[in-house]
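Data block below; observations after.
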Amino acid sequence: MKENQNLDDMEIVFQKTEALTELNFHYCPGCGHGVAHRLLMEVVEEMGITEDTIGVAPVGCSVFAYQYMNIDMQEAAHGRATAVATGIKRVLPDKYVFTYQGDGDLAAIGTAETIHTVNRGENILIMFINNAIYGMTGGQMAPTTLEGMVTSTCPYGRDVKHVGSPLKMSDLVAQLGGACYVTRHIVHTPNGVRKLKKAIKNAFEYQKQKLGTSLIEVVTNCPSGWKLTPRETIDFIEEKMLPIYPLGDLKVPTNISKN
Amino acid sequence: MKENMEKEIRLMKGNEALAEAAIRAGMDAYFGYPITPQSEILEYLEEQSPKRNCVVLQTESELASINMIYGAAGAGARVMTSSSSPGISLMQEGISYIAAAELPCLLVNVVRGGPGLGTIQPSQGDYFQAVKGGGHGDYRLIVLAPATVQEMVDFVFEGFRLAEKYRNPALILADGALGQMMEKVELPAEGSLPKVVPAWATTGKTKDRERNVITTLHIQPEEMEAMNLRLEKKYAEMQCEVRYEEINTSDAEIILVAFGLSARISQKACDLAREKGIKAGIIRPMTLFPYPSNILAELAEKIDAFLVVEMNAGQMVEDVRLAVNGKVPVHFKGRKGGMIPTPEEILVEIEKIVIPKQVLQD
């Protein structure tokens, strides 16, 4: 056994960003929200914009995002986060504004707000967490629930003839004139984490240049709602989710300034 | 380039006067969706916006408008939205959130006849919605009821002032006729209403302060009840803001209680009644919340009867009855569905209640 090392001699190789509060996440073991929160706030800290960033939390599992993100935050009504963000951005046009929303919030009850916010090209970042289910209310069907996928409100599997097909919100908004950057990512592999972090940084850069709306979709899991172990949810993402929601850029800006 | 407007007198339509007043009152942003009979507010502001240093945005729905109001008010801006009855119904979720988050803002309802899609003609059918809390949960709005185009202007200033003083949404409850009629108005000078960015606003967390969070979520019932108690205390403190107009009440045997347009018509009815020897007076509530209950209770000791006149099926009459508490009869005359009562038909009601003195002398 090694002798006790002096802590002062040890090199810190990783620590929590100060842009997150000291509070422990309430998220279930294996859930992707924690990683997504951390990456978002790491970028805010690394870019030195914590004093100039205002976040909008949604209704859903991440309703308490404002307890973890150590910046000025507003908590919006269900589905209305991008309207709230529009209000903030229009009166504080030089601040960085983002929303953090789940699939139910952004692609069901908030569809109109999402489409019109992107169509106006509001200079904000929309972080879209797609786990194909309503986590907070106990695992009900979401607009993004896969065909045949079992949830508490489609106990026989999602029947597309009855409730329609999974809504590909990112594909939809990528068609809109105001969309600047639309891209789809994951948080369950180291490479995926690196790429997502780069995408978030890109989005804030584009926001600074006032190029329009950025939407970053994170295809992730819900171990509790899917009734799978965290390990099994990763297989489910790889085998079932990604064929429907393929990774990569759906839209990139063409008029980026080099400075 | 920004123009700074001096005090001036103009002939203006109610909706446009209100919009001009909002800019002069230092409004930072307006978010709205067109609906008759108040679309001139959005039209006027869109036209003025580039030269008056004010954000104006036509939204995709009233739902979006009210949530933009939430965001912008939370960011410390002086903000307003306006609509008419069906649009105000659509905003109720957001209004409840704004009241819960204690964000100051000014809401304008240029009321039309309902329920449902109803009519575009003037009505006072949204009294309950405005005064009793149209959305979910225990909350109150500060409610101002203009009766003239001049008050459409004055109550914009008063609405912003009260909203910011109490960190509470204020609502101007007008009607389609007030929105559309033209009258002479005196417009105050721009910049006469002081403005400070509040310390609680989400303007970006600087190192010298704790982070600011705007939320309405209090998941622990003990915390939620404490919040409810705090709001209740605030609403009680608002009682000192009660405003009403009192006309010919000192010798009155019957008093008409009416707000807004109904009060103007009732005044003519009272004049006709006095010509016939009936001592009629008027109480015109200018604030509908807080409500002038005390003066009604005092007058109930001195007079024979009240007649409440409204352009609805009888809404404010309930508050008059609560204030009068059974001491004297409280009668009601209402026209509904966008119809406006005439002074003559109100006089008929007065005469049913009070036997004219001449008749007794004969």
Side-chain angles (χ1 to χ4, degrees), chain A residues 18-21 26 44 49-60 62-97 99 109-120 122 124 136, chain B residues 27-31 33 49 54-79 81 90-98 100-101 103 105 135-136 197 200-219:
Chain A
E18 283 179 12
L20 286 172
T21 63
H26 70 278
V44 167
I49 57 170
T50 49
E51 293 193 11
D52 297 308
T53 306
I54 297 135
V56 182
V59 169
S62 47
V63 67
F64 283 121
Y66 63 82
Q67 292 189 342
Y68 309 125
M69 297 178 181
N70 196 12
I71 54 170
D72 279 3
M73 295 279 294
Q74 293 197 21
E75 209 293 301
H78 196 25
R80 318 291 167 233
T82 62
V84 170
T86 299
I88 300 169
K89 187 72 180 189
R90 289 288 175 134
V91 298
L92 299 173
D94 296 326
K95 301 288 177 183
Y96 296 88
V97 177
T99 70
I109 197 164
T111 312
E113 283 79 2
T114 308
I115 299 253
H116 284 278
T117 300
V118 179
N119 197 49
R120 286 191 302 268
E122 298 292 341
I124 63 164
M136 184 61 123
Chain B
M27 177 176 73
D28 296 306
Y30 170 92
F31 304 96
Y33 185 85
S49 158
C54 176
V55 172
V56 179
L57 185 62
Q58 178 173 338
T59 66
E60 68 271 26
S61 70
E62 290 87 351
L63 207 48
S65 303
I66 196 67
N67 284 283
M68 290 176 194
I69 291 287
Y70 180 100
R78 183 173 282 168
V79 290
T81 185
L90 195 50
M91 290 185 189
Q92 290 303 325
E93 175 202 41
I95 295 174
S96 168
Y97 276 70
I98 290 169
L103 299 176
C105 65
H136 61 282
V197 176
W200 47 259
T202 59
T203 51
K205 179 198 172 300
T206 48
K207 287 189 179 64
D208 57 347
R209 67 159 167 85
E210 290 298 302
R211 71 207 186 89
N212 287 333
V213 173
I214 307 289
T215 182
T216 63
L217 180 60
H218 307 281
I219 205 105

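Lettering follows sequence order; numbering is per chain, from 1.
- The nearest pair of heavy atoms linking B:A64 to A:A83 is O-CB, 3.8 Å.
- When all heavy atoms are compared, the tightest approach of A:I54 to B:T203 is CD1-C, 3.9 Å.
- With hydrogens and angles ignored, the 3.5 Å screen pairs a side-chain donor or acceptor of A:D72 with a backbone N or O of B:N212.
- Only the side chain of B:L57 comes within less than 4.5 Å of a heavy atom of chain A; its backbone N, CA, C and O stay farther away.
- Heavy-atom pairs under 4.5 Å with chain A peak, among B:G204, B:S96, B:A75, at B:G204.
- With a threshold of 4.5 angstrom between heavy atoms, B:R209 approaches chain A through side-chain atoms but not through N, CA, C or O.
- For the atom pair B:I69 CD1 and A:T86 OG1, the distance stands at 12.0 Å (nearest 0.5 Å).
- You'll find the side chain of A:Y66 reaches within 4.5 Å of the side chain of B:L217, heavy atoms only.
- Put simply, CD on A:E113 and OG1 on B:T59 are 9.5 Å apart, with the number rounded to the nearest 0.5 Å.
- If you measure heavy-atom distances from B:I219 to chain A, the contacts under 4.5 Å come from the side chain alone.
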Fill in: Verdict with supporting geometry, A:R80 and B:L63, side-chain contact (heavy atoms from CB on, under 4.5 Å)
CA-CA 8 Å; A:R80 318 291 167 233; B:L63 207 48; 3.6 Å; yes
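- The two atoms that bring B:G71 and A:Q74 nearest to each other are O-NE2, 3.1 Å, heavy atoms only.
- Heavy atoms of B:V213 lying under 4.5 Å from chain A belong to its backbone as well as its side chain.
- B:R211 contributes a side-chain N or O that, together with a main-chain N or O of A:M69, makes up a donor-acceptor pair within less than 3.5 Å.
- Across B:Y70 and A:E75, no two heavy atoms sit closer than the pair OH-O, 2.6 Å.
- In this structure, chain B has no heavy atom under 4.5 Å from any part of A:T82.
- Pairing each heavy atom of B:E60 with each of A:A112, the nearest pair is OE2-O, 3.7 Å.
- The heavy-atom pair separating A:N70 from B:K205 by the smallest distance is O-CD, 3.8 Å.
- Looking at B:A201, the atoms closer than 4.5 Å to chain A (heavy atoms on both sides) all sit in the backbone: N, CA, C or O.
- In terms of heavy-atom pairs under 4.5 Å with chain B, the best-connected choice from A:H78, A:Q67, A:K95, A:R120 is A:R120.
- Using a 4.5 Å cut-off on side-chain heavy atoms (C-beta onward), B:M68 and A:V84 make no contact.
- Taken to the nearest 0.5 Å, the OG1 atom of B:T215 stands 7.5 Å off from the CZ atom of A:F64.
- With salt bridges taken as basic N to acidic carboxylate O contacts below 4.0 Å, one links B:K207 and A:E51.
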